[in-house]
Enquirer: 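Quick one: this structure, given as structure tokens, is what I'll be asking you about.
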Amino acid sequence: MPDENNETVDMKDIVALCKRRGFVFPASDIYGGINGFWDYGPLGVELKNNLRDLWWKQMVTTPPIGPDGEPLQIVGLDSSIIQNPKAWEASGHVGGFSDPMVDCKETKKRYRADHLIVLIPNDGDGAWLALHEDAEATEIDKRIKKIGKGSKENYKIETLVSLDTKDYEKIIAPDTKEKGTLTEPKEFNLMFDTHVGATASEDNKAYLRPETAQGIFLNFKNVVDSSRVRMPFGIAQIGKAFRNEVTPRNFIFRSREFEQMEMEWFCHPDEVKKWHDFWFEERMKFWESIGLAGSNLIKRDHDKDELSHYAKEGLGTADIEYRFPFTAPGFGELEGVAHRCDFDLKAHAEASGQKLDYLDPARDNERYVPHVIEPAAGLTRGVLALICEAYTPDPNRPSGVYLNFHPSVAPKKAAILPLTAKEEHVPLATKLYMELREDFPVDLDIKQNIGKRYARQDEIGTPFCFTIDNDTIEDQTVTVRHRNTMKQERIVMDNVAEYMRKEMALMEK
RNA sequence: GCGGGUGUAGCUCAGUGGUAGAGCAUCAGCUUCCCAAGCUGAGGGCCGUGGGUUCGAUCCCCAUCACCCGCUCCA
């Protein structure tokens, strides 16, 4: 996408292209869709898999070299989406996800219902006054003086949640002077729940995971006991997560079903600063290496007050943010590198009664609960960022737009095109296609004139087109047509695979 | 969740109280030695969904769903 000087890309056009070419469809499209869910089409799934595989390679197959020059140890995991519900109570998600909220119809303000108290006149006559539970005595006095009657002695104090909602019409909300402006409390539980077993009841209620990370903590002991890893080490996992977002928005950016790529890096508490810095740099390099370079990618540290419950202590969270068209000139979160302290392992140790600490032979058999540095990326957000970054309007070419994908993520690496549908061109093209498809995802496109076919490949971001023409019959050469420049050159047909490897390696620099 | 907007062919949109059009795309055939070119033809829509008013609704009214924008919310 264009940088900050040229914010002319419209999200609508990107969404339209995604549907038209088979990257992303609205889920349940033929039934009118369903809010917050999306399907990945033939090209979208290729793109998503490419990003997923590159992440897995960086994390598990070929983890980076650590600060001391040794390759790091990271192992993979694929845990279940549904776990024992106790896991989510221990992790803080059940409590943290179920805040009842009330809205004030007058001021449009929203309050945590369990944070409001209500002053009720002892004689049952007159308005009830709602206040924040932290309100100081002077504040209460002031409010009674202003719109109430008498003094504090004339009132009893109840919590809002203990009251019958029928009585809400008597209540004056904290920031208004009128009665009856508070709505009924609404549960904002962001965890999807379901039931395990054929009949639904409170007894068998379970949750769809809102993050993949907990599956890693739950298996910490299993992995340590079975895989000979030693501190420091990482456990990586890619998978679906579910959040019942209040407002799914911005295409696939905030959806209710999404995919995460998370790695929990376990280390000694004294080393967290080193590893937090290390992983932030590594993750930044990763996104840059697949094309999200330049001013569209930034680092942002979380403010204290926005930190999640597990990161209140420690080093906090540093985000890698991308300038999406809908956030420009601002940025949206792509990945967070958090210091989760020992919050999760401690919580699960306490709740489960299991020992989740580590006996470290390298530290004189010191026994400790490891701290965790967590690079947690949104796979589906990454896909969106790649599409947005690649989207390049170009009025000088027939398609009017092309996707400038980095070759490593492009869903199709090349298209093989016979210049005409004549008998001599097609067999040669088919032969080349059959050879190339062993090594690369490639397309063979025979129909229609050559311009239309180039245009189609531009729109799906295919880096190379190889065209077979009359000269091919004579001298076994083909035309290479480059997506970004539309320039052409001729190479020997037998060298096409080698040529692609070379060119793609060059672009990865 | 609140306020505003939109919903007609794959896409971009016309249109009318009397059972629907254009351009582009798609597909087929011909043509074509390199950038959505040309010619011919084809497929494709219960006019988002459900009610109501009416002899009759794609059009008017209500509801609902989805999407967009702004708030709000957001581990």
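Lettering of chains follows the sequences in order, A, B, ..., and the numbering in each one begins at 1. The model shown is predicted, which means the values in this text are computed figures rather than measured ones. Scope of the values below: all heavy atoms of this structure, side chains included, with no hydrogens, waters or symmetry mates.
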Enquirer: Picking from B:A36, B:C69, B:U26, which would you name as closest to the side chain of A:R249?
Expert: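 So the side chain of A:R249 is nearest to B:C69.
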
Enquirer: Across all strands, who's sitting opposite B:U58 as a Watson-Crick or G-U wobble pair, both distances under 3.5 Å?
Expert: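 Its partner is none (no Watson-Crick or G-U wobble pair with both distances under 3.5 Å).
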
Enquirer: For the side chain of A:N35, counting heavy atoms from C-beta on, which of B:C67, B:U12, B:C74 is nearest?
Expert: B:C67

Enquirer: Counting side-chain heavy atoms from C-beta on, which of B:U12, B:C73, B:C34 comes nearest to A:R254?
Expert: B:C73

Enquirer: Could you check which of B:A36, B:C68, B:C34 has an atom nearest any side-chain atom of A:Q488?
Expert: B:C34

Enquirer: To the side chain of A:I450, which of B:C68, B:C35, B:C74 is closest?
Expert: B:C35

Enquirer: Taking the same atom, C1', in B:U31 and in B:G38, what whole-Å distance lies between them?
Expert: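 Comparing C1' positions in B:U31 and B:G38 gives a spacing of 8 Å.
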
Enquirer: Working note: A:K431 + A:E435, criterion salt bridge (Lys or Arg N to Asp or Glu O under 4.0 Å); need CA distance, chi angles, decisive distance, verdict.
Expert: CA-CA 6 Å; A:K431 179 170 171 282; A:E435 284 167 18; 3.4 Å; yes

Enquirer: Does OP1 or OP2 of B:G29 have a side-chain N or O of A:K447 closer than 4.0 Å?
Expert: yes

Enquirer: Where the side chain of A:K452 is concerned, which of B:A37, B:C69, B:G29 is the nearest nucleotide?
Expert: B:A37

Enquirer: Which nucleotide sits closest to the side chain of A:K19: B:C34, B:U32, B:C11?
Expert: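 Shortest atom-to-atom distance from the side chain points to B:C11.
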
Enquirer: Could you tell me how far B:G17 sits from B:C55 if I compare only their C1' atoms? Round to whole Å.
Expert: 12 Å

Enquirer: Is it the case that B:C35 (base atoms only) and A:R453 (side chain only) share a donor and an acceptor within less than 3.5 Å, ignoring hydrogens and angles?
Expert: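 Side chain to base: no pair below 3.5 Å.
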
